[in-house]
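Okay, so here's the structure we're looking at.
Throughout, a chain's letter reflects where its sequence line sits, starting with A, and its residues are numbered from 1.
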2 protein chains.
Amino acid sequence: MSTTVAKALTLLDQFSEDTPEVGLSDLARRTGLDKATVHRMMSVLADAGLVEQRGAARLYRLGPGVLRLARVREKSFPVTAIFQPALDSLASKTGETAHASLISGRALATIDVCESNRSSRVSLVAGEVLPFHTTASGMAALAFAYPELRERTLSSSLSAKTAHTVTDVKLLRQRLEEVAASGFAESDQGNEEDVYGIAVPVFYADGFASGSIAVATPAHRMTPDLRQTIICALIREAEKVTFNVGGTVPASYRNAAARSLASFAKMPG
Amino acid sequence: MSTTVAKALTLLDQFSEDTPEVGLSDLARRTGLDKATVHRMMSVLADAGLVEQRGAARLYRLGPGVLRLARVREKSFPVTAIFQPALDSLASKTGETAHASLISGRALATIDVCESNRSSRVSLVAGEVLPFHTTASGMAALAFAYPELRERTLSSSLSAKTAHTVTDVKLLRQRLEEVAASGFAESDQGNEEDVYGIAVPVFYADGFASGSIAVATPAHRMTPDLRQTIICALIREAEKVTFNVGGTVPASYRNAAARSLASFAKMPG
DNA sequence: CTTCCGTGGTTCATTATTATCACCGGCGGT
DNA sequence: ACCGCCGGTGATAATAATGAACCACGGAAG
């Protein structure tokens, strides 16, 4: 984080679907950078087309440049187009909100969402950069990601987002091992109050996780039955998605997932 | 261009649909930066998720971060979703390839394309950052853009891309005045050999151009009839698009477009 | 097998860039 | 008129970027 470009790029992280437009002072406050610094950096970002300044309020917002970049990536390596149908299927099967996230540098980026059509549903604020350790999506991805990323994450600052957030490194490591053994991750209100998340990893061609797909439900609604339905659906969809993006399911995960599915089959109901 | 962030951002411009993956030395060569510098910058960009390095070849490609950013922008300010149907309509009406570009900092970013279904058609390399002065899209946008952008562009280095490219500032200024008077821009092989482009501007709420929509045809196929068809269709579609993005058509353009349409009506055929 | 050239990646002293702070003009509420 | 906050600016002190040299590797050619 000491390099100037890194600081400049944190400015981009300040924009989300919640706050698509941000002012200069606000950016400075959020990032802890000096106003002048932010101003100069934003001018540069605007020059590159990554942000633009429109309207009388002089607020900044993301610029057309990001559309171009996304287009280039999606054209040469389509993923959102592959994830979306899987999420639609998940949402209709489970009746809950499904979303997909990709490992994006040292964090997790939510790239696709399909909200359920229930009256009471989890409506997630997509577009935010999510930490690994507070979300089921993050834990699922991290458990099967490059070991170096796992270590770097565990040895970074792990802030709590709710009263339920696990921040203890030893406990997190244990949780990751459980995820690795079961093939799926769960988060009971670790990232947001009243949200229960379940996630499974999706893989790259090299057999390491590229991201994850997840289903989020209101915590009070979670039942063993629903839980089982969600996990089974996730495992099945994830396999398809991994295949469609040209990924390889590693043996470790394949075994873990099979074990979990088998254990459900034995249970009554 | 002297700031380090600007240099780092030029690295992102090296990725296009043509070359979605680039190596380290290649990036250094293209940008004129030192290998070590590029490596450090790419590491930072990768940390932010804007690029990623996959596969044994260690090539860099755009990362999931750009998907997130595009999603955020598109959710709060949908434009590609608005441009696309207009382009589809243009392509079917004219039988030629249509595309939309937005002013992205000090250049033009192509964000949407609809190729015609003809056997011989202009197949454009989208995703590239286009200069203003070589393309019809660029001239259409520039003629109605903020004066400061126009001046800055005209006083920058204007390199030629084909033998037909106009690089003389005085002549370009004259062309821009013609565009302002007629409401549309034409480029006869100024950006690419054998490509004839016609474009009209699209506007922001403040009455300045946000970008343009254009139709590109093989130069040899262009006829007065086709030209008229294209221009009329463009003007009509552009008005709709401007309205749909919440933009305002300035009086100057409205008059110019009306004049052009009227002049065609008077003509035989 | 050796040589050569091209990768990607790293190091570190030199140097140029960047952050900081106080300041400015403008706007809106009190 | 005042106050606070906004976006934006400029000179100086402090920091971060630079780039040549270097390493290890891999493939092609001699």
Practice problem: Kindly give the heavy-atom pair with the smallest separation between A/A86 and A/V241, and that separation in Å. | Solution: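 Nearest pair, atom of A/A86 first, then A/V241: CB-CG2, 3.5 Å.
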
Quiz item: Does any pair with a residue in residues 202-212 of chain A pass salt bridge (charged side-chain N to carboxylate O under 4.0 Å, His left out), and if so which ones, sequence neighbours excluded?
Solution: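 Only A/D206-B/R54 qualify under salt bridge (charged side-chain N to carboxylate O under 4.0 Å, His left out).
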
Exercise. Write down the distance between CE (B/M42) and P (D/dT18), rounded to a whole number of angstrom.
Key: 15 Å

Practice problem: Go through the steps for A/E74 and A/T80 under the test side-chain hydrogen bond (donor to acceptor under 3.5 Å, both in side chains), then give the verdict. | Solution: CA-CA 7 Å; A/E74 192 66 10; A/T80 68; 2.6 Å; yes

Exercise. Applying side-chain hydrogen bond (donor to acceptor under 3.5 Å, both in side chains), name anything that partners B/Q174, two or more places apart in sequence or on another chain.
Key: B/E178

Quiz item: For B/Q53, which residues count as a side-chain hydrogen bond (donor to acceptor under 3.5 Å, both in side chains) partner, sequence neighbours excluded?
Solution: B/Y60

Self-check item: Bend angle of the helix from C/dC1-D/dG30 to C/dT30-D/dA1, end axes from five pairs each (to 10°)
Solution: 40°

Exercise. May I ask you to check whether over 12 heavy atoms, not counting those of B/E239, lie within 6.0 Å of atom CD?
Key: no

Quiz prompt | Pair listing, ring-ring contact (aromatic ring centres under 6.0 Å, His included) test, anchored in residues 126-148 of chain A, at least two apart | solution = A/F144-A/F203, A/F144-A/Y253, A/Y146-A/F208

Exercise. Would you check if B/E17 and A/R71 make a side-chain contact, meaning some heavy-atom pair closer than 4.5 Å?
Key: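 A side-chain contact exists here, since the closest heavy-atom pair is under 4.5 Å.
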
Quiz item: With the sugar-phosphate defined as primed atoms, P, OP1 and OP2, and the base as all remaining atoms, what B/S/- string results for nucleotides 5-22 of chain C, 5' to 3', for protein heavy atoms under 4.0 Å?
Solution: --SBBBB-----SSBBB-

